[in-house]
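The first residue in the sequence is number 1, and the count goes up from there. Only a predicted model underlies this, so the values are computations on that prediction, with no experimental measurement involved.
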Amino acid sequence: AEVKANDAEKAQGFLVFSKSITTLIKPDYAPTAEDRCAALNAEDCRGQYGPVSFSIFALQKGEFTVSVTDLTGPNGAKIPSKNFDIRAVRYIKATAKKGKENVTEVIPVLLESFDKRSVAEKRLQQFWITYYVPKDAAAGTYQGEVQISSGEKRLALPLKLNAFTFDLSAAGVNLYI
């Protein structure tokens with residue numbers, strides 16, 4: 001399917017979209033107008049880790065960098081940028097037997113560290129951000145930005161994180177998977 005970009009996205013050379021973190025996004029996915037996101041939102045308890053994910057669809061080839069600013073919350077409280085680990089999703093070709101046939105698919109398998117990520121024209125790259133809300137964070141809404149750049153093109157995507165007013169109890173036993 002053809003991706004329809006608006007004038008601002010065409011000038012920028014890429015568009016940003018987001019789907020549920022449980023949605024499998026393959027590198028040939030064509031984002032729809034409903035997929036576009038103007039901001040990222042998360043909510044969690046203090047002392048917890050959580051995920052935020054978004055993807056870039058390159059309208060032209062680019063070298064992308066992604067960073068997160070400090071988030072500022074109630075009474076100037078901060079969640080520092082060091083509490084955000086940004087990874088790029090790595091895909092591989094995998095062959096599996098389905099019925100009597102071998103089927104080859106490109107699937108996500110790894111979240112890898114990166115400085116710059118090259119994205120080919122008309123392809124996408126999914127990014128995964130794992131955040132940590134400090135145990136001593138004030139409850140409330142924190143705001144900052146995910147900064148995306150490719151060459152001279154820059155996009156500041158608002159990021160809002162709500163730290164709940166309650167904390168999770170520690171598990172009474174050690175749980176392992």
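Here the closest heavy-atom approach between residue Pro74 and residue Gly140 is recorded as CG-CA, 3.8 Å. Contact between Ala137 and Arg46 at its shortest, heavy atoms only, is O-CD, 2.7 Å. Looking at every heavy atom in both residues, Ala5 comes nearest to Leu59 through CB-CD1, 3.6 Å. When all heavy atoms of Ser67 and Ile86 are compared, the closest pair comes out as CA-CD1, 3.5 Å. Shortest non-hydrogen contact noted between Ile107 and Ala94 is CD1-CB, 3.9 Å. Considering every non-hydrogen atom in both Ala120 and Ala58, the closest pair reads O-CB, 3.5 Å.
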Can you give me every donor-acceptor pair (side chain of residues 21-29, partner residue at least two apart or in another chain, under 3.5 Å) with its distance?
residue, atom, partner, partner atom, Å
Thr22, OG1, Ser20, OG, 2.9
Thr23, OG1, Ser20, O, 3.4
Lys26, NZ, Glu105, OE2, 2.6
Tyr29, OH, Lys19, NZ, 3.3
Tyr29, OH, Asp35, OD2, 2.5

Check: residues 149-157 side-chain donor-acceptor pairs under 3.5 Å, at least two apart:
residue, atom, partner, partner atom, Å
Ser149, OG, Thr65, OG1, 2.5
Lys153, NZ, Ala11, O, 2.9
Arg154, NH1, Gly151, O, 3.2

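Applying the 6.0 Å contact sphere to NZ of Lys97 captures more than 12 heavy atoms from other residues, nucleotides or ligands. Crowding of Asn102 atom CG: a count of heavy atoms from other residues, nucleotides or ligands under 6.0 Å exceeding 12.
Between Leu110 atom CG and Tyr91 atom OH the span is 11.5 Å, to the nearest 0.5 Å. Here the CD1-CG distance, from Ile129 to Leu111, works out to 11.5 Å after rounding to the nearest 0.5 Å. A distance of 5.0 Å separates NZ of Lys160 from CD of Gln143, quoted to the nearest 0.5 Å. Here the CG-CZ distance, from Leu124 to Phe54, works out to 12.0 Å after rounding to the nearest 0.5 Å. In this structure, NZ on Lys10 lies 13.5 Å from CD on Gln12, to the nearest 0.5 angstrom. For the atom pair CD of Gln126 and CZ of Arg90, the computed distance is 14.5 Å after rounding to the nearest 0.5 Å.
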Discussion item. Could you walk me through whether Val16 and Cys37 satisfy the side-chain contact (heavy atoms from CB on, under 4.5 Å) test, starting with their C-alpha distance in whole Å, then the side-chain angles of each, then the deciding distance to 0.1 Å, before giving a yes or no?
Written reply: CA-CA 6 Å; Val16 177; Cys37 67; 3.8 Å; yes
Checklist entry - Step by step, would you call Thr69 with Ser81 a side-chain hydrogen bond (donor to acceptor under 3.5 Å, both in side chains)? => result CA-CA 5 Å; Thr69 64; Ser81 62; over 6 Å; no
Go through the steps to decide whether Ile79 and Phe84 satisfy the test side-chain contact (heavy atoms from CB on, under 4.5 Å), and finish with yes or no.
CA-CA 9 Å; Ile79 297 179; Phe84 296 85; 3.8 Å; yes
Go through it in stages, so that I can follow the logic: the residues are Gln125 and Ser55, the test is side-chain contact (heavy atoms from CB on, under 4.5 Å), and I'd like the CA-CA distance, side-chain angles, deciding distance and then a yes or no. CA-CA 5 Å; Gln125 176 62 60; Ser55 298; over 6 Å; no
**Message:** Applying side-chain contact (heavy atoms from CB on, under 4.5 Å) to Lys93 and Val106, what does each step give before you reach the verdict?
**Reply:** CA-CA 4 Å; Lys93 277 188 180 179; Val106 178; 3.8 Å; yes
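Cluster annotation: Leu15 is not connected to Ile56 through the hydrophobic network of ILVMFWY side chains, with a link wherever side-chain heavy atoms come within less than 4.5 Å. Clustering ILVMFWY residues whenever any of their side-chain heavy atoms sit less than 4.5 angstrom apart, transitively, puts Leu71 in the very cluster that holds Ile148. Cluster membership for Phe164 and Tyr131, using ILVMFWY side-chain heavy atoms within less than 4.5 angstrom, is not shared. In the hydrophobic cluster analysis, where Ile, Leu, Val, Met, Phe, Trp and Tyr join through side-chain heavy atoms closer than 4.5 angstrom, Val52 is grouped together with Val146. In the hydrophobic clustering of this structure, Val3 groups with Phe17; members are Ile, Leu, Val, Met, Phe, Trp, Tyr whose side-chain heavy atoms approach within less than 4.5 Å, directly or through other members.
Not counting sequence neighbours, Tyr142 has no partner by the ring-ring contact (aromatic ring centres under 6.0 Å, His included) test.
Looking only at side-chain heavy atoms (C-beta outward), Pro158 and Glu145 stay at 4.5 Å or farther from each other. Between Gln48 and Val133 there is no side-chain heavy-atom pair separated by less than 4.5 Å.
No donor-acceptor distance shorter than 3.5 angstrom exists from the side chain of Asp85 to the backbone of Thr130, with no hydrogens or angles considered. Judged by distance alone, the side chain of Ser53 and the main-chain N or O of Phe127 form a donor-acceptor pair under 3.5 Å. Between the side chain of Glu9 and the main chain of Asn6, a donor-acceptor pair closer than 3.5 Å is present.
Proximity of the aromatic rings of Phe64 and Phe14 is defined here by a centroid distance below 6.0 angstrom, and this criterion is met.
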